[in-house]
Amino acid sequence: MASRWTFGIVVLACAVMFILRRPDSITDPQFWAEDGSIFFRQQLVNGWLAAIATPYRGYLPLLPRLFAAPAAIFPIAFAPLVYNLFAILIDSFCCALFFLPRFRVIIESDFLRLALCLLAVGAFNTTELVGTLTNSMWYLTVAGILLMVLPPRVDICSRSRGGAAWLFLGLLIGACAPMVVVGLPIAIYHLARNFRRGGLVSFSIGSGALTQIVFASLLSRGVVLVHPGIRGVAIAMVVAFAYKVMLQALLGATWAFKMATAKKVLYVELALIAAVVWIIYLTIISRDNIWKVWIPVYFIFASMAIPFIGRDAAQGFLNLRTVEPRGERYFLLGSCMFAYLVAYTLCRLASNRGPVLKTVALLAIFAGGLFGNFHAARFYDFHWEANAKRIEEWVQLRHAGKRASPVSVPINPPGWRIDLPGL
């Protein structure tokens with residue numbers, strides 16, 4: 001079933017699902033946050049070479065910069081649509097990656113891996129991530145982690161160009177998705193175990209991310225760690241795992257947050273206890289493949305620790321009665337790993353059952369997440385076509401060397417704007 005040809009079909013299916021989640025990304029495209037106010041604007045005002053070397057929030061956002069250049073070829077009226085299409089293409093490719101046959105060593109069933117790809121597209125609370133280029137880095141993080149865990153088997157020391165291409169691609173993936181730095185311990189393991197065949201590729205992905213982290217730390221206006229304390233981070237990770245990773249994927253974000261606001265703490269505590277028992281049980285029955293359990297568990301909590309330390313996100317998760325509804329991007333990797341652990345459990349407990357039955361069971365377990373999270377809220381219509389004409393007039397006056405008044409165009413979310421200076 002799984003092959004390079006069917007992989008293309010899965011990518012297309014993922015793209016269709018993303019569009020169905022938020023149809024207005026195609027029918028009525030709007031800019032989202034940094035896509036318009038930072039990347040589109042700086043590409044328009046400064047040009048690509050100057051823009052790509054300009055830091056934003058302490059790091060170099062390479063992924064949207066790389067796609068802002070070809071997007072500039074199209075008329076300004078089509079700019080949000082082009083950005084959205086690029087985002088959907090990137091996200092779909094990343095979500096479909098696990099379907100490739102090479103990942104059978106992790107989960108043998110093609111049907112189960114296909115179901116996990118589709119769950120990554122539509123079962124998690126990722127409204128702000130659907131069709132927004134600035135947030136494609138979070139889906140690229142998932143793909144980067146997969147490649148770090150199971151790097152391509154290419155001989156780096158041979159004279160073939162494939163090895164050098166993979167090294168460059170690995171560095172680029174890491175630089176475009178700095179969150180893959182959580183996979184650096186895995187990359188070091190591969191490097192020590194098999195330097196020539198894949199280890200260096202895995203390490204190159206981690207190195208690209210580490211370079212971004214170091215750059216952000218050294219920059220005068222880079223990331224400032226908030227030092228919330230070990231206890232605060234530990235509590236935040238437990239609470240976030242309960243609500244943002246586990247319950248939102250099983251019940252849907254609305255019901256998960258209702259449990260918090262209704263003070264149904266007992267049910268949440270029981271869910272956490274069940275999760276601990278579940279992980280312990282998986283560890284016991286997986287002594288031959290314990291890495292298939294503890295590597296995903298590590299990624300769930302390591303991926304949450306970074307925003308809790310570097311972005312002060314821990315303040316919204318200090319007890320089971322208060323949950324921060326925003327920041328869903330920080331929990332995409334954890335949600336994917338949680339879904340994988342459920343699929344792996346089905347493989348262990350129902351090894352004598354057919355793959356179709358296990359796939360149906362997996363989709364049934366996450367039916368609440370698919371039903372509750374699939375629909376992504378429509379973006380507010382700021383009438384981009386009319387505003388695009390104002391921007392085009394500004395560009396024409398600039399190219400003609402004439403005076404032009406400042407232009408300010410509203411974009412999503414409300415309060416964000418594209419501000420062009422007076423000339």
Side-chain angles (χ1 to χ4, degrees), residues 14 16-25 30 32-33 91 95 115-132 135 138-139 142 235-275 278 300 303-304 307-308 313-342 361-381 412-415:
C14 290
V16 171
M17 285 184 65
F18 274 121
I19 294 173
L20 290 176
R21 289 195 67 188
R22 192 164 65 82
D24 62 292
S25 63
Q30 306 286 324
W32 172 261
D91 301 347
C95 288
L116 287 171
C117 294
L118 300 182
L119 290 176
V121 175
F124 310 136
N125 180 29
T126 53
T127 295
E128 294 181 359
L129 276 64
V130 178
T132 55
N135 284 322
W138 301 100
Y139 288 101
V142 177
I235 293 175
M237 286 195 294
V238 172
V239 175
F241 171 74
Y243 286 108
K244 305 289 279 189
V245 174
M246 184 169 55
L247 293 177
Q248 66 87 18
L250 297 175
L251 306 177
T254 301
W255 280 102
F257 295 143
K258 280 184 177 180
M259 293 182 71
T261 55
K263 314 302 180 186
K264 303 292 185 180
V265 176
L266 177 61
Y267 298 110
V268 180
E269 291 174 344
L270 290 175
L272 285 171
I273 293 173
W278 168 47
I300 288 174
S303 62
M304 292 190 294
F308 288 158
Q315 300 302 317
F317 301 92
L318 294 182
N319 60 74
L320 289 173
R321 294 178 176 83
T322 304
V323 180
E324 175 62 54
R326 299 174 299 174
E328 61 230 38
R329 59 193 181 276
Y330 300 132
F331 309 101
L332 174 63
L333 178 59
S335 298
C336 291
M337 293 298 167
F338 172 70
Y340 157 77
L341 285 172
V342 174
L362 179 66
L363 294 176
I365 291 171
F366 287 94
L370 281 167
F371 180 79
N373 297 327
F374 189 84
H375 175 70
R378 180 186 179 92
F379 285 170
Y380 186 83
D381 185 3
N412 283 277

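Every heavy atom of this structure was used, including side-chain atoms; hydrogens, water molecules and symmetry mates were not. We're numbering straight along the sequence, starting at 1.
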Asks: Got a second to check how far Met304's CE is from Phe331's CZ, nearest 0.5 Å?
Replies: 7.0 Å
Asks: What's the spacing between Leu341 CG and Ile300 CD1 if we round to 0.5 Å?
Replies: 5.0 Å
Asks: For the residue pair Glu328 and Ser335, confirm or rule out a side-chain donor-acceptor distance under 3.5 Å.
Replies: no
Asks: Atom OG of Ser303 and atom CH2 of Trp138: how far apart are they, to the nearest 0.5 Å?
Replies: 9.0 Å
Asks: Please report the shortest heavy-atom distance between Val121 and Met17, naming the atom on each side.
Replies: CG1-CB, 3.6 Å
Asks: If you compare all heavy atoms of Ala275 against all heavy atoms of Phe241, which two are closest, and at what distance to 0.1 Å?
Replies: CB-CE2, 3.9 Å
Asks: Can you check whether Cys95 reaches Phe18 side chain to side chain, under 4.5 Å on heavy atoms?
Replies: yes
Asks: Nearest 0.5 Å, what's the OG1-CZ distance between Thr132 and Phe379?
Replies: 6.0 Å
Asks: Under a 4.5 Å cut-off applied to non-hydrogen side-chain atoms, are Phe257 and Lys244 in contact?
Replies: yes
Asks: Quick one: do the Asn373 and Gln248 side chains pair a donor with an acceptor below 3.5 Å?
Replies: yes
Asks: Within this structure, what is the CG-CG distance for the pair Asp381 and Asp24, rounded to the nearest 0.5 Å?
Replies: 9.0 Å
Asks: With a 6.0 Å cut-off (strictly less than), is the heavy-atom count around CH2 of Trp255, excluding the residue itself, greater than 12?
Replies: no
Asks: Please report the interatomic distance CG(Leu363) to CG(Leu118), rounded to the nearest 0.5 Å.
Replies: 7.5 Å
Asks: Compare every heavy atom of Ala377 with every heavy atom of Thr127, then report the nearest pair and how far apart it is.
Replies: CG2-N, 3.6 Å
Asks: Any side-chain heavy atom of Trp278 within less than 4.5 Å of one from Val342?
Replies: yes
Asks: Would you check if Asp91 and Leu129 make a side-chain contact, meaning some heavy-atom pair closer than 4.5 Å?
Replies: no
Asks: Are Thr126 and Arg21 packed together at the side-chain level, in the sense that at least one heavy-atom pair is separated by less than 4.5 angstrom?
Replies: yes
Asks: Might you point out which heavy atoms bring Val245 and Gly334 nearest each other, and give the distance in Å?
Replies: CG1-O, 3.6 Å
Asks: Are Phe124 and Phe338 an aromatic pair by the rule of ring centers under 6.0 Å?
Replies: no
Asks: Of the non-hydrogen atoms in Ala115 and Leu362, which two are nearest, and what is the gap between them?
Replies: CB-CD2, 3.9 Å
